[in-house]
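In what follows, every chain begins at residue 1, and chains take the letters A, B, ... in the order their sequences are listed. Computed from a predicted structure; not experimentally measured.
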Protein chains: 4
Amino acid sequence: MTRDEILEKALDIVRDEGYDMLTISTLAESLGVKKASLYYYFSSKDEMIAALYESFSARLLHMGFRMDFSKSAIEILTETFEHWKGIFISKSLSSGLSLIEQRKEIDERAYEISNSLELMFRSQSDAVMENLVSRGHFRNVDPKIVAELFASAAIVRLRSERSEEDDRRFLNSFAELFLST
Amino acid sequence: MTRDEILEKALDIVRDEGYDMLTISTLAESLGVKKASLYYYFSSKDEMIAALYESFSARLLHMGFRMDFSKSAIEILTETFEHWKGIFISKSLSSGLSLIEQRKEIDERAYEISNSLELMFRSQSDAVMENLVSRGHFRNVDPKIVAELFASAAIVRLRSERSEEDDRRFLNSFAELFLST
Amino acid sequence: MTRDEILEKALDIVRDEGYDMLTISTLAESLGVKKASLYYYFSSKDEMIAALYESFSARLLHMGFRMDFSKSAIEILTETFEHWKGIFISKSLSSGLSLIEQRKEIDERAYEISNSLELMFRSQSDAVMENLVSRGHFRNVDPKIVAELFASAAIVRLRSERSEEDDRRFLNSFAELFLST
Amino acid sequence: MTRDEILEKALDIVRDEGYDMLTISTLAESLGVKKASLYYYFSSKDEMIAALYESFSARLLHMGFRMDFSKSAIEILTETFEHWKGIFISKSLSSGLSLIEQRKEIDERAYEISNSLELMFRSQSDAVMENLVSRGHFRNVDPKIVAELFASAAIVRLRSERSEEDDRRFLNSFAELFLST
DNA sequence: AATGAATGAGGTTTCATTCAT
DNA sequence: AATGAATGAAACCTCATTCAT
């Protein structure tokens with residue numbers, strides 16, 4: 001058993017059964033190990049949870065956002081959206097997100113990660129919109145507000161798991177709305 | 001002591017200290033009562049929590065949305081936003097919202113309320129945008145997408161408690177973007 | 001509501017759900033009354049239980065045993081057995097018996113009633129056998145031992161609820177064994 | 001501390017203070033352990049009680065009945081009775097019996113053990129009486145009824161703890177009654 | 001005659017944790 | 001590296017009881 005295996009299983013429990021089901025007992029049991037053994041790896045439950053945040057935070061940072069701006073505008077929007085979707089869907093991140101969502105109102109550490117995640121979305125959205133402006137799209141329009149609208153809509157959508165079809169319609173409507181001409 | 005006083009205090013605890021601090025002990029203590037007394041009002045903790053959802057649900061429904069459509073477009077947007085803000089800020093609703101946010105990933109009952117809340121925002125946003133269309137605003141634009149963008153941005157904003165100043169800027173930008181003649 | 005109604009319902013609970021289900025709560029509930037009301041009739045649960053024993057005791061004593069000794073020997077045995085069976089079966093006594101059985105190992109009061117019940121069986125059995133002796137049955141046999149055997153077999157049988165058919169066979173065998181000329 | 005030590009102490013409590021005094025608290029206290037420790041051995045109180053029945057049941061089965069039929073008739077009756085008495089008196093079984101007696105009206109598991117115990121007595125009594133018949137005793141008499149009478153009388157006697165003197169008299173009377181030539 | 005409201009004591013169970021091995 | 005055995009604290013809940021109304 002390794003620290004990482006423990007952390008992974010812990011996140012699985014949080015995602016599948018909720019944060020309050022993440023107890024030393026259930027965690028040990030689902031690892032097929034005795035409770036006391038976990039204390040060899042972590043000196044306390046809280047230290048383990050700190051490691052959980054830590055590792056999720058680190059993994060988020062690795063989700064580098066590198067956009068190929070040679071593509072068409074609609075492709076850029078779509079890929080940005082897909083990039084974000086990847087975070088909500090990837091096995092390795094989605095359960096971390098679930099932890100953050102469940103704890104952000106209560107746990108300072110979760111709150112900060114949640115904030116920085118939203119900031120990340122905003123700044124990536126900003127970057128995208130500024131690029132589109134530089135290519136001559138939406139004349140006379142503040143790209144900041146478009147960026148906010150795009151990021152917000154994406155966040156809300158991704159949280160409520162819409163169908164791919166529905167997401168595609170949204171992206172098309174959004175493009176049509178702002179990129180015309 | 002009344003059932004309502006208990007529920008109110010319970011929500012206070014959820015908002016201020018988190019759902020997992022809502023225990024019969026702490027609740028009784030902060031009401032200045034003995035634990036056993038709570039069982040006179042609720043036959044179990046779960047029944048109490050059900051009542052919590054129930055009462056929040058009921059109060060949400062009472063937040064009827066009636067817009068005075070004789071106002072100017074920017075006023076309508078502003079008041080819609082303020083109406084929603086009222087939900088997030090009002091003493092009587094904000095702590096209920098906190099409960100919903102904390103539990104929606106885990107508790108079916110919270111999940112459903114959260115869903116219906118989002119639906120409410122969407123449909124009110126739809127109504128507003130359709131009215132604006134009927135007044136000649138945003139020609140050639142699908143009001144559905146504008147409605148989604150407005151509602152999403154509002155939800156994200158309200159969750160992260162921006163300054164009034166910042167909200168005003170957002171509303172102005174939004175208006176400028178869509179309502180220009 | 002009267003004391004007797006309470007006592008009756010209490011015995012029903014003991015019989016149907018066991019002594020440990022006889023709580024003030026369940027009792028009040030099945031009487032359609034609030035807990036506090038019971039304290040108008042009994043100053044404590046223990047007093048109520050004392051009344052339970054008392055009333056059962058009294059009812060037992062009223063089960064006077066009067067045998068018509070002009071009948072045939074086999075009829076006398078049968079009627080004696082039926083008389084005892086009446087105690088185990090009668091609505092008004094069987095639930096009291098259930099109380100006694102459940103508590104006799106623990107509660108002195110139940111223990112004494114149980115003892116006196118057994119004594120009653122023994123002495124009635126004695127009386128019957130002595131009468132049969134006086135009529136010339138079982139010559140050279142100590143009626144005491146026959147009485148004990150009859151009473152014991154009856155007690156064991158009645159506790160384990162045999163079929164009527166089976167009881168009849170037993171009585172015939174018993175008669176045949178001892179009454180043969 | 002072992003599971004068996006716990007079970008033994010539990011039975012002691014049941015015998016000495018009654019089933020309703022068998023609480024996790026009192027049990028832990030009389031074992032000189034903390035309540036939580038008991039849950040290392042049993043996952044719930046009910047599981048512990050199941051183990052209680054189980055272990056009593058197992059011990060009963062080990063009370064094999066092997067009679068030396070070369071002995072005299074009166075010796076066989078006496079030893080059979082003593083064998084049964086052993087069950088009611090042995091440190092290891094008597095408290096189990098107390099549990100069964102207290103719970104047989106309420107708890108299915110106790111009820112079944114109680115039944116099988118009575119069956120055991122009956123069948124051993126049957127075996128004894130058939131042997132006596134084969135040796136020429138009680139001619140023209142159904143050994144079944146004699147067996148029932150013997151077993152019943154023994155059960156009633158053992159439950160009410162008569163003196164040895166009294167038991168001896170009973171056995172002699174019984175022998176005299178049935179075994180005469 | 002009956003009850004609404006409250007309580008203290010004690011019930012079973014779960015939790016994170018420790019420590020010798 | 002892992003565990004068996006134990007624990008203190010705290011969780012939820014039930015019990016018999018009281019007392020003013």
Side chain of [X] only, heavy atoms from C-beta on: which candidate in [options] is closest?
X        : options                   : value
Ile24(C) : dC15(E), dT14(F), dT17(F) : dT17(F)
Ala36(A) : dT14(F), dA9(F), dC19(E)  : dC19(E)
Ser25(B) : dT17(F), dT7(F), dA11(F)  : dA11(F)
Tyr41(D) : dA6(E), dA6(F), dA2(E)    : dA6(F)
Tyr40(D) : dG4(F), dT14(F), dT12(E)  : dG4(F)
Val33(D) : dT17(E), dT7(F), dA5(F)   : dT7(F)

Look at Lys91(D) together with Asp12(D) and state whether they make a salt bridge at an N to O cut-off of under 4.0 Å.
yes
Between Arg159(A) and Glu101(A), does at least one N-O distance fall below 4.0 Å, as a salt bridge requires?
yes
Between [atom2] of [N] and [atom1] of [X], the distance in whole Å:
X        : N       : atom1 : atom2 : answer
Leu31(B) : dT7(E)  : CG    : P     : 11 Å
Tyr19(A) : dC15(E) : OH    : P     : 13 Å
Glu5(D)  : dA6(F)  : CD    : C1'   : 14 Å
Tyr39(D) : dA10(F) : OH    : P     : 18 Å
Met21(C) : dA16(F) : CE    : P     : 11 Å
Asp46(A) : dC15(E) : CG    : P     : 17 Å
Phe42(D) : dA5(F)  : CZ    : P     : 13 Å
Leu27(B) : dA11(F) : CG    : C1'   : 14 Å

For Leu22(C) and Lys45(B), find the nucleotide of DNA chain F closest to each by heavy atoms; which residue's nucleotide sits nearer the 5' end?
Lys45(B)
dA6(E) pairs with, by Watson-Crick or G-U criteria that keep both distances under 3.5 Å
dT17(F)
Please work out if Ser37(A) contacts a base, only the sugar-phosphate, or nothing of the nucleic acid, heavy-atom cut-off 4.0 Å.
base
Work out which heavy atom in Ser114(A) is nearest to a heavy atom in Lys104(A); give both atom names and the distance.
OG-CD, 3.4 Å
Could you report the tightest heavy-atom contact between Ile106(D) and Gln102(C), atom names first, then the distance?
CD1-OE1, 2.9 Å
By nearest-nucleotide position on DNA chain E, the 5'-leaning member of Asp20(A) and Ser43(A) is Asp20(A)
Here's a test of your reading of the structure: between Lys35(D) and Lys34(B), which maps to the more 5' nucleotide of DNA chain E?
Lys34(B)
Take Leu99(D) and Leu22(D) through the test side chain to side chain contact (heavy atoms under 4.5 Å, CB included) and record every step on the way to the result.
CA-CA 11 Å; Leu99(D) 169 65; Leu22(D) 177 57; 5.9 Å; no
